[in-house]
Amino acid sequence: MTRVNDFIERRRDETGHDPHRPRYHFLPPSGWMNDPNGFIQHQGVYHLFYQYNPDGAFHANIQWGHAAGRDLVRWEDRPVALTPTPGGPDAGGCWSGSAVNAGGAPLIFYSGVSPQTVCLATGSGDMDNWTKYAGNPIIAGPPAGYGGASSDFRDPYVWRESQWWYMVMGSRMDAVGGAVLLCRSANLMDWEYRHPLLVGDQSEDEPFWTGSVWECPNLFALDGRHVLIVSFQDHISGKLLYVGYYVGDFVNERYTQESLNILEYGDTLYAPQVIVDERGRRVMMGWLREERDAAAQLAAGWSGVMSLPRILSLGEDHLLRIQPLPELEQLRGKHFRLNRQVIRPGETNVLRDVSGDCLELDLALEPQGATAFGLCLFRSPDGDEQTILRCNVAAGTIAFDHYSRSERESQATHPVHAAEVAPLPAERPLRLRVFLDRSVIEVFVNDRIVLSTRVYPTRADSLGVELFAEGGALQVEAGDVWEMGAIWPV
């Protein structure tokens, strides 16, 4: 491992000088990263696998990178777990999947591509070494009527319920919509297709468009119900959209859904994976996509970041509650306290003494006449460059307003902006927990709404933070800001 670790440290040193490279979010030493895979806690250790191209910051030669840690905060890079086998069913890449503990033996279920299949690998106790099943693929392709011309059939998510092992797969029906397909097995080797668990309607735009192919499904029990998380894509343009979740019940192998909601706003999170850890918590991590162009990613030598871990629960209204992982508090450093006070439009910035690109802010805010309020983040001293988090009280929305960034692409066929503007929770005071990490912003609003985005300030002095009010007064009930420590060498 020493030679591997020395190589990894050299790679991190080569990419670590990029001012946009996060310091307390997980990302590999260099190269391309997308979906989290095989997220699991095994023998007290959390393991995070991920889609990985070590050869460059572009999507090709997809392997399974691997990291491990005991607290979901600090990670150790481990050897690559899976690489394509020439001439094998995964020759086109080892794509997304999940991991389970089967009687003490860790198993990985993953997608082979071209054609899309399901493959199996068995791991050593430390999960550093993996042996592919000689009989791969264990599922050779989608059932009749699904997958379309490109045979879309990927991202196995496996769990045990009662006497059966179950698997959900992402797929689609041509000219109909995305689909989640259900399979079951008694032995994890022989799988029987049961039926479509849920099928979308690509002709519908309400409450938002769910695309034409569904990816990375997660189905899990939560507080007496079953939540189904799906990542939506437009298979014609290849555009990744956003992530939604259904709340319903999984009974007798049928799923009855009652509601559909956006999981996270901002059009940045994609392909999240959920586990239950040894403490019984539902923990979720997802891929935060880059927003700078391909040339900039290649020049930087890295692409892709994991979100901070989130803890999921279900409210009495059957909507998700999403909280940042409590263990993140161990990264807190220098502290700034904001006392209870009222701020009005045009007054001196009460956060003028706060600056930095790796921060956590925890604010409790109560509008008292303000028609809008929010935070200016990564702000230059003259205000020419900043990203604004704006709470529009009148409209009941919260969204990012990016300065010094080009507008996002428009989608001519369907309005795919559902994830850019979030509803402002009605509860007051409004608690904003904001995490800044160089090019990452993640915002948790009253544990109900999460927004995430990527920003790439062009100025070295874009480090300021400003709390503002418009149209009237804003009561600050409480406020704390911490500098956040790095989890990687700098």
Side-chain angles (χ1 to χ4, degrees), residues 19-20 22-24 266 308 324 328-329 331-393 398-405 424-425 428-446 449-486:
H20 298 127
R23 296 180 62 195
Y24 65 89
L308 296 176
L328 293 166
E329 293 178 7
L331 298 177
R332 290 172 175 173
K334 183 179 177 181
H335 178 230
F336 174 86
R337 170 66 54 82
L338 188 61
N339 295 324
R340 189 173 189 270
Q341 59 189 285
V342 174
I343 66 171
R344 294 176 175 81
E347 290 186 343
T348 301
N349 178 23
V350 297
L351 294 176
R352 59 189 177 277
D353 295 327
V354 173
S355 68
D357 57 6
C358 293
L359 301 172
E360 178 191 350
L361 298 90
D362 189 352
L363 305 172
L365 307 172
E366 177 72 51
Q368 294 185 346
T371 57
F373 62 94
L375 289 162
C376 302
L377 306 168
F378 295 113
R379 187 181 190 277
S380 61
D382 58 10
D384 282 350
E385 183 170 72
Q386 59 189 316
T387 295
I388 297 176
L389 177 69
R390 182 182 301 276
C391 302
N392 188 322
V393 178
I398 179 170
F400 291 111
D401 180 8
H402 301 285
Y403 279 35
S404 302
R405 295 183 68 212
L424 192 65
R428 297 291 186 271
L430 197 74
R431 186 184 184 192
L432 299 179
R433 294 192 64 186
V434 182
F435 294 85
L436 308 182
D437 193 2
R438 291 190 164 179
S439 60
V440 174
I441 305 176
E442 294 176 87
V443 181
F444 297 78
V445 189
N446 285 19
I449 298 294
V450 183
L451 301 93
S452 55
T453 194
R454 305 296 305 279
V455 297
Y456 307 91
T458 61
R459 294 173 50 165
D461 62 352
S462 292
L463 300 172
V465 179
E466 181 176 2
L467 179 62
F468 68 88
E470 297 175 353
L474 176 70
Q475 173 78 49
V476 179
E477 297 289 350
D480 293 279
V481 182
W482 295 270
E483 294 181 356
M484 296 291 277

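All residue numbers in this chain count up from 1 along the given sequence. Excluded from the calculations below are hydrogen atoms, water molecules and symmetry mates; all remaining heavy atoms, backbone and side chain alike, are included.
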Smallest separation among heavy atoms of [X] and [Y], with atom names:
| X | Y | value |
| --- | --- | --- |
| Arg352 | Thr348 | NH1-CG2, 3.6 Å |
| Val342 | Ala473 | CG1-CB, 3.7 Å |
| Pro345 | Gly471 | CG-N, 3.7 Å |
| Asn446 | Pro425 | ND2-CB, 4.2 Å |
| Ala469 | Leu474 | CB-CB, 3.8 Å |
| Gly485 | Tyr24 | O-CB, 3.4 Å |

- Item | Step-by-step side-chain contact (heavy atoms from CB on, under 4.5 Å) determination, Trp482 to Leu331 | CA-CA 9 Å; Trp482 295 270; Leu331 298 177; over 6 Å; no
Determine whether [X] and [Y] make a side-chain contact, defined as any pair of heavy atoms from C-beta on separated by less than 4.5 Å.
| X | Y | answer |
| --- | --- | --- |
| Pro429 | Gln475 | no |
| Ile398 | Leu432 | yes |
| Val455 | Leu377 | no |
| Val476 | Arg340 | no |
| Phe435 | Val440 | no |
| Val465 | Leu375 | yes |
| Phe468 | Ile388 | yes |
| Gln386 | Pro457 | no |

Spacing of [atom1] belonging to [X] relative to [atom2] belonging to [Y], to within rounding of 0.5 Å:
| X | Y | atom1 | atom2 | value |
| --- | --- | --- | --- | --- |
| Met484 | Glu329 | CE | CD | 9.0 Å |
| Asp357 | Glu483 | CG | CD | 9.5 Å |
| Arg433 | Glu442 | CZ | CD | 11.5 Å |
| Phe444 | Arg431 | CZ | CZ | 11.0 Å |
| Thr387 | Arg390 | OG1 | CZ | 12.5 Å |
| Glu477 | Leu365 | CD | CG | 8.5 Å |

- Can you name the residues that form a salt bridge (Lys or Arg N to Asp or Glu O under 4.0 Å) with Glu466, not counting sequence neighbours? Arg379
- Residues in salt bridge (Lys or Arg N to Asp or Glu O under 4.0 Å) contact with Asp353, at least two apart in sequence or another chain: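 With sequence neighbours excluded, Asp353 shows a salt bridge (Lys or Arg N to Asp or Glu O under 4.0 Å) to no residue whatsoever.
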- Side chain Thr371, main chain Glu470, donor-acceptor under 3.5 Å: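 Answer holds: yes.
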- Message: Please check this pair: side chain of Asp480 against backbone of His335, looking for a donor-acceptor N/O pair closer than 3.5 Å.
- Response: no
- Message: What I want to find out is whether Arg23 reaches Asp437 closely enough, with some N-O distance under 4.0 Å, to be called a salt bridge.
- Response: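 So Arg23 does not pair with Asp437 through a salt bridge.
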- Apply side chain to side chain contact (heavy atoms under 4.5 Å, CB included) to Ser380 and list each qualifying residue two or more places apart in sequence or on a separate chain.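 Residues passing side chain to side chain contact (heavy atoms under 4.5 Å, CB included) with Ser380: Asp382, Asp384, Glu385, Arg459, Asp461, Ser462.
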- Item | Residues Leu338, Val481; criterion side-chain contact (heavy atoms from CB on, under 4.5 Å); working and verdict | CA-CA 8 Å; Leu338 188 61; Val481 182; over 6 Å; no
- Report the C-alpha separation of Phe373 and Ile343 in whole Å, then their side-chain angles, then the decisive distance to 0.1 Å, and conclude whether the side-chain contact (heavy atoms from CB on, under 4.5 Å) test is met. CA-CA 10 Å; Phe373 62 94; Ile343 66 171; over 6 Å; no
